Amino acid sequence: PTCQKTTINETYEEDDLMEMFVFIVYSALAYWAAGQTIYANKIQIGTMKNIFLNRLVVGILLGVILIPVAILKKLFSH
């Protein structure tokens with residue numbers, strides 16, 4: 001049985017990678033949920049950058065509420 005030595009830095013790097021992965025997945029789900037709920041059936045006028053960033057920020061800020069609502073909306077709609 002060989003013991004692997006892990007340094008504190010390696011442990012932090014693994015934690016940082018996991019946090020970054022979770023944040024990216026959350027951001028993608030939040031962006032999708034904002035589009036399914038708040039921005040559904042809306043015509044947005046502006047540059048693509050502004051529309052994208054607006055939807056992303058709203059999704060990230062309200063994602064905890066929007067993600068379950070969007071999933072339920074998808075499950076119970078035609």
Side-chain angles (χ1 to χ4, degrees):
T2 59
C3 295
Q4 280 187 324
K5 290 184 179 178
T6 58
T7 63
I8 292 173
N9 288 338
E10 287 177 8
T11 305
Y12 283 136
E13 287 175 9
E14 289 173 5
D15 289 346
D16 289 344
L17 278 173
M18 189 62 180
E19 285 178 13
M20 184 60 72
F21 176 74
V22 168
F23 180 73
I24 290 171
V25 170
Y26 172 79
S27 298
L29 279 173
Y31 179 83
W32 169 79
Q36 294 295 312
T37 55
I38 295 175
Y39 298 110
N41 302 321
K42 302 272 189 310
I43 296 174
Q44 293 181 299
I45 298 173
T47 63
M48 284 300 293
K49 181 178 108 177
N50 287 342
I51 292 171
F52 172 78
L53 287 176
N54 189 12
R55 191 164 144 186
L56 182 66
V57 169
V58 167
I60 289 172
L61 291 177
L62 300 175
V64 174
I65 299 165
L66 295 179
I67 292 170
V69 170
I71 291 172
L72 290 172
K73 185 176 175 182
K74 263 302 188 210
L75 288 175
F76 293 114
S77 67
H78 311 341

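We number each residue from 1, following the sequence as shown. Predicted, not measured: the structure shown is a model, and the values here were computed from it.
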Considering only distance and modelled atom types, tabulate donor-acceptor pairs under 3.5 Å from the side chains of residues 41-66, sequence neighbours left out.
from: Thr47; atom 1: OG1; to: Asn50; atom 2: N; distance (Å): 3.2
from: Thr47; atom 1: OG1; to: Asn50; atom 2: ND2; distance (Å): 3.2
from: Arg55; atom 1: NE; to: Tyr31; atom 2: O; distance (Å): 3.3

Partner set under side-chain contact (heavy atoms from CB on, under 4.5 Å) for Val25, not counting sequence neighbours: Phe21, Leu29
Rounded distance [0.5 Å steps], CG in Leu17 versus CE in Met20: 8.5 Å
Which heavy atom in Ala30 sits nearest to a heavy atom in Ile67, and how many Å separate them? N-CD1, 3.9 Å
Which other residues end up in the same hydrophobic cluster as Met18, if Ile, Leu, Val, Met, Phe, Trp and Tyr are linked when side-chain heavy atoms come under 4.5 Å apart? Val22
Heavy-atom nearest pair, Lys73 first then Gln36, reads NZ-O, 2.6 Å
